[in-house]
Amino acid sequence: MNHWLFKSEPDEWSWDQQVANGPKGEEWTGVRNYQARNNMRAMKVGDLGFFYHSNIGKEIVGIVEVIRESAPDSSTDDPRWDCVVIKAVMPVNKPVTLDACKVEPGLAAMALVTNTRLSVQPVTAEEWRIVCKMAGIDAI
């Protein structure tokens, strides 16, 4: 299993909206960056990710699961763009802020810290473990 981070502006799509969609999940549409798209193309059903509120809050607020692998993005007719479907798994006990990640030595190379504009990012197993600990949850 691989781990990922999905960024969303909470005034556009929030954790609460993700949770409200229940087991059917939500297409992660609108990604128009090749690196982020390629990250989604590498995802497999069952992969887990952090749900991150960008711009407002700048914090990891939950865990999501990939429930459908990459397919054409339904929000565009342009065949270059794909998306996955993710569902909410659980909230974190304590949101993990970008500022907290920046001062954690074990996260110095994390994409969230080094490439803050990338909307869909890989997370290493060690980064996953550290962030889960910071969030007050067991690394699942």
Side-chain angles (χ1 to χ4, degrees):
M1 172 181 22
N2 291 312
H3 297 102
W4 309 93
L5 183 139
F6 296 85
K7 291 172 128 186
S8 181
E9 296 177 20
D11 55 344
E12 296 291 324
W13 186 256
S14 70
W15 172 250
D16 290 340
Q17 289 170 296
Q18 186 68 48
V19 169
N21 267 18
K24 71 176 178 146
E26 180 69 17
E27 280 188 315
W28 202 255
T29 60
V31 173
R32 301 297 182 263
N33 172 285
Y34 288 106
Q35 186 177 3
R37 181 213 55 197
N38 292 343
N39 287 335
M40 287 193 291
R41 286 182 174 177
M43 293 177 187
K44 301 294 180 202
V45 169
D47 283 357
L48 297 176
F50 292 123
F51 191 100
Y52 177 85
H53 279 166
S54 62
N55 295 342
I56 301 168
K58 295 184 181 179
E59 59 191 3
I60 293 167
V61 295
I63 306 289
V64 295
E65 178 182 354
V66 175
I67 60 171
R68 188 200 75 200
E69 293 177 12
S70 186
D73 183 333
S74 67
S75 70
T76 183
D77 292 328
D78 188 332
R80 294 177 296 170
W81 305 115
D82 294 355
C83 66
V84 295
V85 174
I86 60 172
K87 72 173 184 174
V89 174
M90 63 183 286
V92 298
N93 291 330
K94 178 184 173 203
V96 179
T97 66
L98 175 60
D99 287 342
C101 291
K102 286 181 175 180
V103 299
E104 170 56 50
L107 300 178
M110 187 176 186
L112 181 63
V113 173
T114 63
N115 191 354
T116 58
R117 295 192 47 84
L118 187 60
S119 63
V120 180
Q121 310 172 350
V123 175
T124 69
E126 181 63 9
E127 292 164 349
W128 184 264
R129 186 192 65 71
I130 292 168
V131 172
C132 285
K133 184 176 180 183
M134 293 169 71
I137 59 173
D138 292 329
I140 54 176

(request) Would you please indicate yes or no on a ring centroid separation below 6.0 angstrom for Trp28 and Phe51? (result) yes
(request) Please report the shortest heavy-atom distance between Ile137 and Pro91, naming the atom on each side. (result) CG2-O, 4.4 Å
(message) Do Val131 and Val123 make a side-chain contact, defined as non-hydrogen atoms from C-beta onward lying under 4.5 Å apart?
(response) no
(message) Assess, by modelled atom type and distance only, whether the side chains of Asp73 and Ser75 contain a donor and an acceptor separated by less than 3.5 Å.
(response) yes
(message) Checking Val31 against Val120 for the side chain to side chain contact (heavy atoms under 4.5 Å, CB included) test, could you report, in this order, the C-alpha distance in whole Å, the side-chain angles of both residues, the deciding distance, and whether it holds?
(response) CA-CA 8 Å; Val31 173; Val120 180; 4.1 Å; yes
(request) For side chain to side chain contact (heavy atoms under 4.5 Å, CB included), just list the numbers for Ile86 and Glu27, CA-CA rounded to whole Å, side-chain angles, deciding distance to a tenth of an Å, and then say yes or no. (result) CA-CA 7 Å; Ile86 60 172; Glu27 280 188 315; over 6 Å; no
(request) Evaluate the side-chain proximity of Asp138 to Cys132: yes if any heavy-atom separation is below 4.5 Å, no if none is. (result) no
(request) Working to the nearest 0.5 Å, report the span between NZ of Lys133 and CZ of Arg129. (result) 6.5 Å
(message) Treating Asn21 as the side-chain partner and Lys24 as the backbone partner, does any N or O pair qualify as donor plus acceptor under 3.5 Å?
(response) no
(request) Please confirm whether the backbone N or O of Val89 pairs with a side-chain atom of Glu65, one donor and one acceptor, at under 3.5 Å? (result) no
(request) Return yes if some donor-acceptor pair links the side-chain N/O of Glu104 with the main-chain N/O of Cys101 below 3.5 Å, else return no. (result) no
(message) Please check: side-chain N/O of Glu9 versus main-chain N/O of Asn55, any donor-acceptor pairing under 3.5 Å?
(response) no
(message) Return the CD1 to CG distance between Ile56 and Asp11, rounded to the nearest 0.5 Å.
(response) 4.0 Å
(request) Check whether any side-chain N or O of Asn2 sits under 3.5 Å from a backbone N or O of Asp47 as a donor-acceptor pair, and report yes or no. (result) no
(message) Strictly distance-based, threshold 3.5 Å: is any side-chain N or O of Thr76 a donor or acceptor partner for the main-chain N or O of Asp78?
(response) yes
(request) Look at the side chain of Glu127 and the backbone N and O of Thr124, then say whether any donor-acceptor pair between them is shorter than 3.5 Å. (result) yes
(message) Under the criterion side chain to side chain contact (heavy atoms under 4.5 Å, CB included), I'd like the reasoning laid out for Leu112 against Gln121: C-alpha separation, chi angles, the key distance, then a yes or no.
(response) CA-CA 7 Å; Leu112 181 63; Gln121 310 172 350; 3.6 Å; yes
(message) Please check: side-chain N/O of Arg68 versus main-chain N/O of Cys83, any donor-acceptor pairing under 3.5 Å?
(response) yes
(request) Applying side-chain contact (heavy atoms from CB on, under 4.5 Å) between Trp4 and each of Leu48, Asn39, Val84, report the one that passes. (result) Asn39
(message) Ignoring hydrogens and geometry beyond distance, is a side-chain donor-acceptor pair present between Glu26 and Trp13 at under 3.5 Å?
(response) no
(message) Is there a path of hydrophobic side-chain contacts, each under 4.5 Å between heavy atoms, that joins Met110 and Ile63?
(response) yes
(message) Please determine whether ring pair (Phe, Tyr, Trp, His ring centres under 6.0 Å) holds for the pair Trp81 and Tyr34, giving the CA-CA distance in whole Å, both sets of side-chain angles, and the decisive distance to 0.1 Å.
(response) CA-CA 8 Å; Trp81 305 115; Tyr34 288 106; 4.8 Å; yes
